[in-house]
Amino acid sequence: VGKVLIGLKSLQIHLGYQVEETAKQAKISARIVSALDAASACVMIANSDNRIVYANRAIRQMFREAESDLQRAIPGFSADKVTGGSIDQF
């Protein structure tokens, strides 16, 4: 019983550390997203599968303003569907 309790305490400490680390990383990510959204430069980020995982306000606005022009070059293009789409469409 003693070993089980010691194991549970160790697990509790480990999980507490993981929660704390996850919260810390979430705060860092939120600051980065906030900074990128405030930037006037157009920023788009894709993952290793070439899926767009982030588009900041500036590029979303640019895509909305140029949507009809982009649709002529990229049939089916939708400014509202860029995030989650493939970077290969460009």
Would you say the side chain of R60 lies within less than 4.5 Å of the side chain of R64, judging by non-hydrogen atoms?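 Answer yes - side chains close enough.
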Taking [X] for its side chain and [Y] for its backbone only, find out whether a donor-acceptor pair lies under 3.5 Å.
X: T22; Y: Q18; value: yes
X: S10; Y: I6; value: no
X: N47; Y: D49; value: yes

Grouping I, L, V, M, F, W and Y whenever their side-chain heavy atoms are under 4.5 Å apart, do F63 and V43 come out in a common cluster? no
Does I74 share a hydrophobic cluster with I59, counting links as ILVMFWY side-chain heavy atoms below 4.5 Å and allowing steps through other members?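 Both belong to a single hydrophobic cluster.
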Minimum heavy-atom separation for [X] to [Y], with atom names?
X: M44; Y: F90; value: CE-CE1, 4.1 Å
X: Q89; Y: F77; value: OE1-CD1, 3.9 Å
X: A41; Y: A58; value: O-CB, 3.6 Å

Using the side chain to side chain contact (heavy atoms under 4.5 Å, CB included) rule, pick out the option among N50, I45, V53, V82 that qualifies with I87.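 Answer to the side chain to side chain contact (heavy atoms under 4.5 Å, CB included) test with I87 among N50, I45, V53, V82: N50.
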So, applying side chain to side chain contact (heavy atoms under 4.5 Å, CB included) with Y54, which one of L36, I32, T83 is it?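 Per the side chain to side chain contact (heavy atoms under 4.5 Å, CB included) rule, the option paired with Y54 is L36, out of L36, I32, T83.
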